[in-house]
Structure formats: structure tokens, C-alpha cells
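What follows is a single structure, written as C-alpha cells, with notes after it.
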Amino acid sequence: KSKPLQQVTTSSIEALRAFSLGIEARLDGKPVEAFALYEEAVKLDPDFSMAYLRIAIMHYVNNDNEQAQNFLRIADTKRKRLSTREALLLDASMALFKTPAEMMAKLKMLATMYPDEYRAYYNYSYFANKDAQQYRAAADFIGPALSVHNPDRGAAYHQLGVANLALSNYGAATDAFKQFESLSPDSYRRDIADTYAAQRQFPQAYKVLATQPASELSGLLLQYRMTDISYPLDQGQWGKAVTSFNLLSSDINKTKLSLVKRTYEGMGLSMRSYSFDSKFLVDLRNYLLEQQALLKQANVLERRHLVFAILASGWMAANAGDIPSAQSAAISAGAFAQADGFPANADMYLVLQAELDIAAGRAQAGIAKLEPRAGKGDELYFLHAVLMRAYAADRSYEKALGQSDWLVANRGLAYAEFNSGYMWQPVNVVESNLALLASTHYANKLGRIELALKRRKEFNAAWPNGEQLTQVTRRTQELN
């Protein structure tokens with residue numbers, strides 16, 4: 001039985017048919033087929049704005065920001081035939097060139113004017129999770145899109161699951177993901193597996209991953225394969241994680257998408273930052289210089305990721321003692337980080353500045369930068385790791401212990417946080433484990449021997465033979 005055609009503005013019934021089949025293919029988890037059908041729709045009707053918008057969003061999801069920007073602008077030039085409802089949706093999409101707050105405001109207005117516009121609720125929650133880091137707002141706003149009348153309610157349950165994972169509400173996340181699985185049985189599974197991993201239930205996590213189909217889109221390769229790196233790290237298996245990372249190299253290099261390659265390279269450097277090899281600083285400086293050069297000519301969509309990469313590189317440089325490179329990173333990307341509206345970038349800028357303060361023996365100055373952001377609910381997970389170390393440098397061990405406990409209690413966020421293409425997920429996962437080691441030290445300093453022994457036992461269970469790792473030796477030296 002044929003399904004009803006979508007209600008969108010086009011002068012061609014055949015273009016509408018292609019567009020509707022594209023929607024159906026996307027819902028069935030066939031993005032390549034959906035791409036082809038949307039492209040057929042704009043061939044049949046070159047003024048089909050909503051089809052251009054769908055193509056743009058597909059490119060955006062595939063981490064191809066250049067093409068996403070191109071098709072968004074084409075969609076905008078074809079808006080004259082759009083209904084008010086369609087124009088509002090396009091306006092919200094065009095806000096990708098602005099700040100997350102502006103986009104979310106437009107989506108909220110669209111939902112207010114058209115309560116059955118389920119895309120407004122979904123997109124609001126998607127960008128609240130991914131860009132604004134407003135996880136509670138994402139969970140609260142998605143409700144109407146869970147309606148049985150929404151043909152894409154499976155995706156809405158997925159966003160609800162992601163939001164609850166970020167909030168470390170594992171029961172609520174699991175419930176939402178069960179609904180998602182029942183409605184979308186052959187879809188992306190990593191977030192479901194991460195919910196188990198965050199609770200250190202790795203056999204269940206790997207069982208879920210075994211049912212996940214391979215991605216049809218090259219831009220999502222790293223996102224799908226993150227678990228090859230993060231799960232071994234979370235179990236203290238650094239050698240396995242490095243091997244898995246290196247094995248990904250040939251597949252990553254096959255993609256033509258520079259963002260994926262840069263994210264992969266930055267991820268590798270972040271892992272190396274825990275135990276410097278002889279080439280680390282040279283490679284880090286080269287990576288930093290490359291990102292800085294790209295930033296000068298980047299489009300708005302690319303800039304968000306380049307700013308994060310530059311500031312993350314700056315933090316690694318500062319932590320490794322390369323103060324000039326760290327300062328260069330702060331100067332080149334700091335203004336964008338503060339103005340563009342992405343909490344991940346604004347917080348990484350603060351983290352970099354605080355690391356420079358710690359290196360200069362000004363721990364209290366670093367604390368003053370980070371404390372106002374801690375506990376806001378939209379802050380970077382890693383901010384708490386650096387604030388913990390700043391407190392320790394200031395010998396405020398009770399507060400340092402509080403931050404280590406926070407890192408352990410919020411492992412769901414360590415996994416769910418997008419930051420920049422999940423580039424910092426391995427660092428988050430590592431810090432959630434090193435926090436157990438740190439709390440052992442802080443509890444001892446405070447004379448709380450029973451707690452110190454408990455945390456040591458938890459660390460040894462999480463990272464068996466962890467004391468033999470160079471990464472642990474270096475952090476222990478810092479703690480001492």
C-alpha cells in the first residue's frame with residue numbers, strides 16, 4: 001500500500017513523490033538512498049526549497065559542513081514559494097550560521113505556532129544536546145514529539161535517551177532507548193552501549209554494539225567506531241586503545257572530509273598527552289599551526305570545530321609545559337570562543353587559561369575562572385577535571401575531593417557530551433578514572449583513611465594493573 005505524500009510546497013507531483021520516498025528512506029535508516037531521492041526531487045523541481053534543506057541537513061549530519069552551508073544557502077534563495085510554516089522551519093535551520101540560543105529560540109517559536117510540528121521539538125532537543133549542552137531542557141522539550149502520531153518518534157526517543165545519559169539518569173536513558181530500539185530496530189546503537197559502559201557494564205555494552213549496523217556515511221565513521229578507543233581506555237587497557245586507534249587510520253584516510261580527519265588526529269594527540277613521547281610536542285605544534293591556518297578561512301560551521309581543536313591543543317601544550325604555544329592558541333581562538341555561543345568552546349578557553357594559571361603557580365586565579373561555570377548544568381565535563389587539579393594545587397583538598405566525586409558520579413556526561421565531534425570523549429573517560437586515583441590522594445590528605453581505601457579499591461577494579469601504566473605514574477607524580 002502506498003503511503004501518503006508529504007505536505008510541502010513544490011510545483012511537481014513527481015518531485016514531491018521523490019521527496020516523500022526520501023523521507024521514508026531516511027526513517028528506514030537508508031541515508032544514501034535518501035540522499036539520491038532528495039537530489040532527484042531538486043532535479044525535477046529546481047525551486048524545491050524544502051528538498052534543498054533536507055540535503056543540507058544530511059550533509060551537516062555527515063560532517064560535511066562546506067556542502068551543508070552551500071545547500072542551506074540555496075534553500076534560502078528558493079524560499080519565495082514557502083508556506084509560513086515552512087519558512088519558519090527554514091529560518092530556524094539558517095540559524096546554524098548564528099548561535100545555538102538563536103536557533104533554539106526559533107524552533108521554540110515554531111513549536112508554539114504549530115504544536116504538531118514534531119520536527120521543531122526534535123531539532124530543539126538535538127541542538128540542546130549537541131550544541132548548547134542544555135540536557136535538562138532537551139529532555140523536557142522533546143515530549144510532544146513522542147506522540148504516536150509522529151512517524152519519526154523513534155528518533156525523538158533517541159534524543160530523550162541521549163539527554164538522560166548526559167544527566168547520568170541511567171534508568172530513564174535505558175527506558176527511552178528501549179522505545180527507540182522497538183521503533184528503529186536497525187539503527188545507530190552507540191549511545192545505548194555507552195549507557196552500559198558509563199555504569200561499567202561492558203559485557204552488555206559490547207553485546208549492544210554487536211547489533212549495530214555499519215554506517216553508510218563516511219562522515220560518521222569515527223562516531224560509530226569511538227567505542228574501539230574509549231571502552232579499552234575506560235578499562236585501563238591503553239595498549240589496546242592505541243592499537244584500535246591506529247587500525248582506524250586507513251579507514252579515516254579514505255574519507256574526503258577534513259573535519260573527520262582533524263578530529264581523529266586531535267583525538268590521538270589527546271591520548272598521547274597523558275604520557276609524552278619524544279615527538280609529541282612537535283606533532284602538537286604542527287597540528288595547532290594547521291588548525292590556526294584553517295581558522296583564518298573557515299566558514300561559520302567549520303569554525304566551531306576549529307576553535308575547539310585550537311583551544312584543546314593549547315591546553316595540551318600548557319599541560320606539557322609549552323607555554324608559548326598555549327598562549328598562541330588562546331590568542332588566536334579566544335575571541336571566537338567567547339562570542340560564538342558554544343559552551344564547549346567557551347569552557348575550553350577558560351580551561352586553557354586556568355591551566356596557564358596553574359603552571360604559573362596562580363592556582364587561585366585558575367579557580368576564580370572555573371568556579372562560576374561549575375554546576376551550571378551546561379558546562380564542559382573536563383572543566384571539573386581541571387578545577388579539581390586547581391583546588392589541589394591550592395591545597396584546598398576538600399574541594400578537590402568534591403570535584404573528583406563529581407567526575408565519578410557524572411560518567412554519563414563523559415560519554416554523551418558532543419564537545420566537538422566527540423573529540424574529547426577519550427579524555428573525559430580517562431579523567432573519570434583518574435578521579436578515583438586523585439580522590440584516594442585527597443582523602444588521605446584529609447585524614448579520611450576509610451574513604452581513601454574505598455577509592456583505591458574502586459580504582460584498582462576499574463584499571464587492573466593501573467599502577468604499571470605510564471599515564472598513572474605521571475598523574476601520581478603530580479598528585480604527590
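Not counting sequence neighbours, the partners of Tyr349 by the side-chain hydrogen bond (donor to acceptor under 3.5 Å, both in side chains) test are Gln353. Partners of Gln199 by side-chain hydrogen bond (donor to acceptor under 3.5 Å, both in side chains), not counting sequence neighbours: none found. For Lys445, there are no salt bridge (Lys or Arg N to Asp or Glu O under 4.0 Å) partners, not counting sequence neighbours. Partners of Arg136 according to the salt bridge (Lys or Arg N to Asp or Glu O under 4.0 Å) rule, which considers only residues two or more places apart in sequence or in another chain, are Asp140. Applying the salt bridge (Lys or Arg N to Asp or Glu O under 4.0 Å) test to Arg225 and every residue at least two apart in sequence or in another chain returns Asp228, Asp251. In terms of the side-chain contact (heavy atoms from CB on, under 4.5 Å) criterion, residue partners of Asp277 (sequence neighbours excluded) are, by chain and number, Arg272, Lys279, Phe280. For Tyr196, there are no side-chain hydrogen bond (donor to acceptor under 3.5 Å, both in side chains) partners at least two apart in sequence or on another chain. By the salt bridge (Lys or Arg N to Asp or Glu O under 4.0 Å) test, Glu290 pairs with no residue at all, sequence neighbours left out. Remark: Thr470 pairs with no residue by the side-chain hydrogen bond (donor to acceptor under 3.5 Å, both in side chains) rule, at least two apart or across chains. Residues forming a ring-ring contact (aromatic ring centres under 6.0 Å, His included) with Tyr422 (at least two apart in sequence, or on another chain): Phe418.
Considering all non-hydrogen atoms of both residues, Leu107 and Ala120 come closest at O-CB, 3.6 Å. Annotation for Arg262 and Leu306: closest pair NE-CD2, 3.6 Å, computed over non-hydrogen atoms. Residue Ala462 comes nearest to Leu436 through the heavy atom pair CB-CD1, 4.3 Å, listed as atom of the first residue, atom of the second, then distance. Heavy atoms only, all atoms of each residue included: Ala318 and Leu356 are closest at CB-CD2, 4.0 Å. Leu311 and Ala329 get closest at one heavy-atom pair: CD2-O, 3.9 Å. Residue Ala197 comes nearest to Ala205 through the heavy atom pair N-CB, 4.1 Å, listed as atom of the first residue, atom of the second, then distance.
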Checking side chain to side chain contact (heavy atoms under 4.5 Å, CB included) for the pair Tyr224/Arg190: CA distance, chi angles, key distance, verdict?
-> CA-CA 7 Å; Tyr224 270 67; Arg190 200 199 80 198; over 6 Å; no

Tell me, with the steps shown, if Leu96 and Phe127 meet side chain to side chain contact (heavy atoms under 4.5 Å, CB included).
-> CA-CA 10 Å; Leu96 274 171; Phe127 289 105; 3.7 Å; yes

Met267 vs Leu222, side chain to side chain contact (heavy atoms under 4.5 Å, CB included): CA-CA, chis, key distance, verdict = CA-CA 10 Å; Met267 193 180 294; Leu222 187 56; 3.8 Å; yes

Show your working on ring pair (Phe, Tyr, Trp, His ring centres under 6.0 Å) between Phe308 and Phe342 and close with a plain yes or no.
-> CA-CA 10 Å; Phe308 187 90; Phe342 294 98; over 10 Å; no

Audit row: Ser218, Leu257, side chain to side chain contact (heavy atoms under 4.5 Å, CB included) steps and yes/no | CA-CA 8 Å; Ser218 62; Leu257 301 172; 4.0 Å; yes

So Ser313 and Gln292, side chain to side chain donor-acceptor pair (under 3.5 Å) or not? Walk me through it.
-> CA-CA 11 Å; Ser313 299; Gln292 289 173 319; over 6 Å; no

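Side-chain atoms of Glu431 and Tyr274 form a donor-acceptor pair, as typed in the model, at a separation below 3.5 Å. Side-chain contact check for Asn129 and Gln159: at least one donor-acceptor pair (N or O, by modelled atom type) lies under 3.5 Å. No hydrogens or angles considered: a donor-acceptor pair under 3.5 Å links the side chains of Asp194 and Tyr231. In summary, the side chains of Arg411 and Ser432 do present a donor paired with an acceptor at a separation below 3.5 Å, with no hydrogens or angles considered. There is a side-chain donor-acceptor pair under 3.5 Å between Tyr391 and Glu371.
Geometrically, Arg73 engages Phe97 in a cation-pi contact defined by less than 6.0 Å to the ring centre and at most 45° from the axis.
Between Ser215 and Leu221, the closest side-chain pair of non-hydrogen atoms is not below 4.5 Å. Contact annotation: the side chain of Val472 approaches that of Trp463 to within less than 4.5 Å [non-hydrogen atoms, C-beta and beyond]. Residues Met58 and Pro31 have side chains in contact (heavy-atom distance under 4.5 Å, counting atoms from C-beta outward). Inter-residue side-chain proximity for Tyr188 and Leu220 is flagged as unmet; no heavy-atom pair is nearer than 4.5 Å. Contact check for Lys457 versus Asn460: no side-chain heavy atoms found under the 4.5 Å cut-off. Side-chain contact check for Ile229 versus Leu248: some heavy-atom pair is nearer than 4.5 Å. Counting only heavy atoms from C-beta outward, the side chains of Asn164 and Asp175 never approach each other to under 4.5 Å.
A donor-acceptor pair under 3.5 Å links the side-chain atoms of Lys261 to the main chain of Thr255, judged by distance alone. Remark: the backbone N or O of Ala416 is not paired with any side-chain donor or acceptor of Asp191 at under 3.5 angstrom.
Under a cut-off of 6.0 angstrom, the local environment of NZ in Lys130 is crowded, with over 12 non-hydrogen atoms contributed by other residues, nucleotides or ligands. Glu66 CD: 12 or fewer foreign heavy atoms inside a 6.0 Å radius.
Between Phe382 and Trp315, the distance separating the two ring centers is shorter than 6.0 angstrom. The aromatic ring centroids of Tyr157 and Phe177 lie 6.0 Å or more from each other.
Under the 30°/60° scheme for interplanar angles, the aromatic rings of Phe245 and Tyr264 are found to lie parallel. Under the 30°/60° scheme for interplanar angles, the aromatic rings of Phe141 and Tyr124 are found to be tilted.
Remark: Lys454 engages Glu458 in a salt bridge, criterion side-chain N to carboxylate O under 4.0 Å. Ion pairing between a basic and an acidic side chain is recognised when a charged N comes within 4.0 Å of a carboxylate O; Lys376 and Glu379 show no such pairing. The existence of a salt bridge linking Asp234 and Arg200 is confirmed by a sub-4.0 Å separation between a basic side-chain nitrogen and an acidic carboxylate oxygen. Remark: Arg448 engages Glu398 in a salt bridge, criterion side-chain N to carboxylate O under 4.0 Å. Here Glu467 pairs with Arg456 in a salt bridge; the nearest charged N to carboxylate O distance falls below 4.0 Å.
The stretch residues 236-246 participates, sequence neighbours left out, in no salt bridge (charged side-chain N to carboxylate O under 4.0 Å, His left out) pair at all. The list of salt bridge (charged side-chain N to carboxylate O under 4.0 Å, His left out) pairs with a residue in residues 355-366, not counting sequence neighbours, reads Glu355-Arg389, Asp357-Arg362, Asp357-Lys369.
The line from CZ of Arg455 to CG of Leu401 is 7.0 Å long, rounded to the nearest 0.5 Å.
Of the options Gln134, Arg373, Gln133, a side-chain hydrogen bond (donor to acceptor under 3.5 Å, both in side chains) to Asp378 is made by Arg373 and by none of the others.
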